[in-house]
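Pasting a structure here, questions to come.
Throughout, numbering of the chain's residues begins at 1 and tracks the sequence.
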Amino acid sequence: MGELRHGDDLIVERPEGLYCPDGDFYIDPWRPVDRAAITHAHGDHARVGHPHSLAAAPSAGVLRARLGDIRLQTLAYGEAILHHGVRLSLHPAGHVLGSAQVRLEHRGRVWVVSGDYGLSGDAGEHNPTCDPFEPVRCDCFITESTFGLPIYRWRAQHDVFDAINAWWRGNVEAGRASLLMGYSFGKAQRLLAGVDASIGAIIVHGAVEPLNRAYRDAGVRLPPTQLVSDVADKATLRRALVIAPPSAHGSLWSRRFGDASDAFASGWMQLRGARRRRGVDRGFVLSDHADWPGLQHAIRATGAERVIVTHGYEAVMVRWLQEQGLRAESFRTEYGDEPLEAVE
């Protein structure tokens with residue numbers, strides 16, 4: 001692959017976000033720009049105000065559900081376009097529906113911007129609600145590091161969902177609702193796809209249902225769900241599984257379920273004391289991001305000799321990469337501002 005020089009980089013930092021000078025466009029900018037390539041629809045990566053946006057085709061529904069009627073050009077995974085001499089293509093990131101890595105090629109140089117991506121290096125599983133992470137060979141890989149510490153190693157999904165289903169069954173037997181909180185886009189749908197819907201009724205918060213529709217429209221199978229307003233029998237409310245965003249915790253909306261047991265699903269539950277700080281009965285470790293082994297596996301699979309680390313534990317990851325003999329540095333970004341609310 002081509003020789004890399006800092007003065008000839010395909011991606012540089014600007015106040016608006018990550019910028020491709022040769023192509024004159026940005027990737028996941030946090031301020032309004034003319035042309036933006038969007039890796040996925042989470043709020044720290046996809047923002048309003050760009051006259052022209054490009055994203056992976058499977059993300060169109062969730063982007064419009066979150067941002068409104070934006071002007072959006074889409075590409076199928078692996079489809080390439082040429083813009084000002086830069087060849088651009090999008091490849092699955094395994095994070096949420098439509099999440100993509102951006103591959104850029106110009107004058108023999110290949111760079112890949114990962115956005116957020118999900119895989120577990122030890123468990124070897126992928127998120128069933130989106131296309132699995134696809135390693136893309138490159139000279140330079142720009143990687144997230146949300147869970148870039150050795151303590152973050154995800155358990156097998158089926159073990160996590162066995163624990164969630166057992167908690168729900170126990171609450172049904174006790175006659176109380178099970179309030180399970182996770183981010184309304186991505187985490188909520190993964191929870192829905194993984195639980196045993198035969199246990200009882202599933203109720204979702206109003207912030208979750210529009211995203212459910214977008215997932216179903218994209219062909220993702222989810223069990224039937226109801227809004228609180230659809231339920232006439234209060235006994236159903238007291239035995240249901242309730243999927244809601246973290247902001248619903250302790251709200252007037254949540255109080256209608258009475259003496260419910262509550263839980264939080266997040267990779268942050270791996271931290272000792274996180275459940276106590278959230279003030280919930282249970283914490284389930286389930287993340288849509290790569291764990292420490294997953295990050296290592298993904299970086300190695302690219303074959304990149306240079307790696308740029310963005311949000312998360314940048315210093316730890318940069319030091320580890322340098323110890324492996326790679327050229328490593330970090331970019332300062334505005335991704336992941338609210339780790340317990342918005343990253344997941």
Side-chain angles (χ1 to χ4, degrees), residues 1-13 17-18 20 27-28 39 44-45 91-95 99 101-105 108-126 132-156 266-274 285 287-337 339 343-344:
M1 293 185 182
E3 180 184 354
L4 296 175
R5 302 184 305 277
H6 276 277
D8 198 26
D9 286 351
L10 272 179
I11 297 290
V12 299
E13 297 176 88
L18 304 183
C20 175
I27 298 175
D28 291 351
T39 63
D44 54 333
H45 291 260
H91 304 266
H95 177 57
S99 59
Q101 304 169 81
V102 182
R103 181 188 185 274
L104 307 176
E105 183 176 354
R109 299 164 295 157
V110 177
W111 284 43
V112 171
V113 182
S114 69
D116 288 336
Y117 60 94
L119 74 162
S120 175
D122 288 339
E125 299 174 316
H126 74 271
F133 175 85
E134 175 189 297
V136 181
R137 302 286 291 185
C138 57
D139 298 298
C140 182
F141 185 51
I142 300 180
T143 180
E144 65 143 308
S145 187
T146 303
F147 292 105
L149 287 180
I151 61 169
Y152 293 111
R153 297 173 185 268
W154 308 145
R155 294 172 58 196
S266 168
W268 300 108
M269 293 295 103
Q270 186 82 27
L271 289 175
R272 183 177 298 175
V285 181
S287 178
D288 300 329
H289 293 263
D291 60 1
W292 175 252
L295 290 166
Q296 296 178 359
H297 174 80
I299 292 167
R300 288 193 187 104
T302 68
E305 296 181 358
R306 181 180 175 193
V307 180
I308 300 173
V309 183
T310 61
H311 54 301
Y313 297 96
E314 298 101 323
V316 174
M317 180 58 72
V318 167
R319 184 170 62 252
W320 182 85
L321 291 166
Q322 290 172 344
E323 291 171 352
Q324 310 312 303
L326 299 176
R327 295 174 56 195
E329 61 204 90
S330 63
F331 275 165
R332 293 187 63 183
T333 68
E334 295 187 10
Y335 308 138
D337 293 339
V343 160
E344 290 282 87

Could you check whether R306 pairs with E329 (Lys NZ or Arg NE/NH1/NH2 to Asp/Glu carboxylate O, under 4.0 Å)?
yes

In Å, rounded to the nearest 0.5 Å, how long is the span from CH2 of W292 to OH of Y152?
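One gets 12.0 Å once the value is rounded to the nearest 0.5 Å.
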
Of the non-hydrogen atoms in A290 and E144, which two are nearest, and what is the gap between them?
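A290 and E144 have their closest heavy atoms at N-OE2, 4.5 Å.
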
If you compare all heavy atoms of A93 against all heavy atoms of S114, which two are closest, and at what distance to 0.1 Å?
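Residues A93 and S114, closest heavy atoms: CB-O, 4.2 Å.
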
Quick one: does any side-chain atom of E305 pair with a main-chain N or O of L326 as donor and acceptor, under 3.5 Å?
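No, because the side chain of E305 does not come within donor-acceptor range (under 3.5 Å) of the backbone of L326.
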
Does a side-chain heavy-atom distance below 4.5 Å link Q101 with F141?
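Q101 vs F141: side chains touch.
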
Is the W154 ring parallel, tilted or perpendicular to the F147 ring (thresholds 30°, 60°)?
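Because their plane-to-plane angle is over 60°, the rings of W154 and F147 count as perpendicular.
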
Going from OG on S99 to CZ on F133, what distance comes out if it is rounded to the nearest 0.5 angstrom?
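With rounding to 0.5 Å, OG (S99) is 10.0 Å from CZ (F133).
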
P92 backbone acceptor or donor facing E134 side chain under 3.5 Å
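Side chain of E134 to backbone of P92, a donor-acceptor pair under 3.5 Å: no, none is there.
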
If you round to the nearest 0.5 Å, how far is CG of D28 from OG1 of T39?
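It comes to 3.5 Å.
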
Is any side-chain heavy atom of I142 closer than 4.5 Å to one of V112?
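SC-SC contact between V112 and I142 ruled out.
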
Rounded distance [0.5 Å steps], CG in D288 versus OH in Y117
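Those atoms lie 14.5 Å apart.
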
May I ask you to check whether H311 and D44 show a side-chain donor-acceptor distance below 3.5 Å?
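Side-chain D/A pair, H311 to D44: absent.
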
Identified side chain to side chain contact (heavy atoms under 4.5 Å, CB included) counterpart of V309 within the set T143, T333, L295, I299:
T143

Is the shortest side-chain N to carboxylate O distance from D9 to R109 below 4.0 Å?
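No.
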
Go through it in stages, so that I can follow the logic: the residues are C140 and I308, the test is side-chain contact (heavy atoms from CB on, under 4.5 Å), and I'd like the CA-CA distance, side-chain angles, deciding distance and then a yes or no.
CA-CA 7 Å; C140 182; I308 300 173; 3.8 Å; yes

Does any non-hydrogen side-chain atom of T302 lie less than 4.5 Å from one of C138?
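Touching, per the 4.5 Å side-chain cut-off.
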
How are the rings of Y335 and H45 set relative to one another: parallel (under 30°), tilted (30 to 60°) or perpendicular (over 60°)?
parallel

Nearest 0.5 Å please: distance from the OG atom of S145 over to the CG atom of D116.
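Here the rounded value is 11.0 Å.
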
At what distance, to the nearest 0.5 angstrom, does CZ of R327 lie from CG of D139?
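One finds 10.0 Å between CZ of R327 and CG of D139.
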
Sequence-distant partners of E105, salt bridge (charged side-chain N to carboxylate O under 4.0 Å, His left out), two or more places apart:
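Partners of E105 by the salt bridge (charged side-chain N to carboxylate O under 4.0 Å, His left out) criterion, ordered by chain and then number, come out as R103.
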
Closest heavy-atom contact between I11 and V113?
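Distance-wise, the nearest heavy atoms are CG1-CG2, 4.2 Å.
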
To check you understand the geometry: which heavy-atom pair defines the closest contact between C20 and L104, and what is its length?
SG-CD1, 4.3 Å

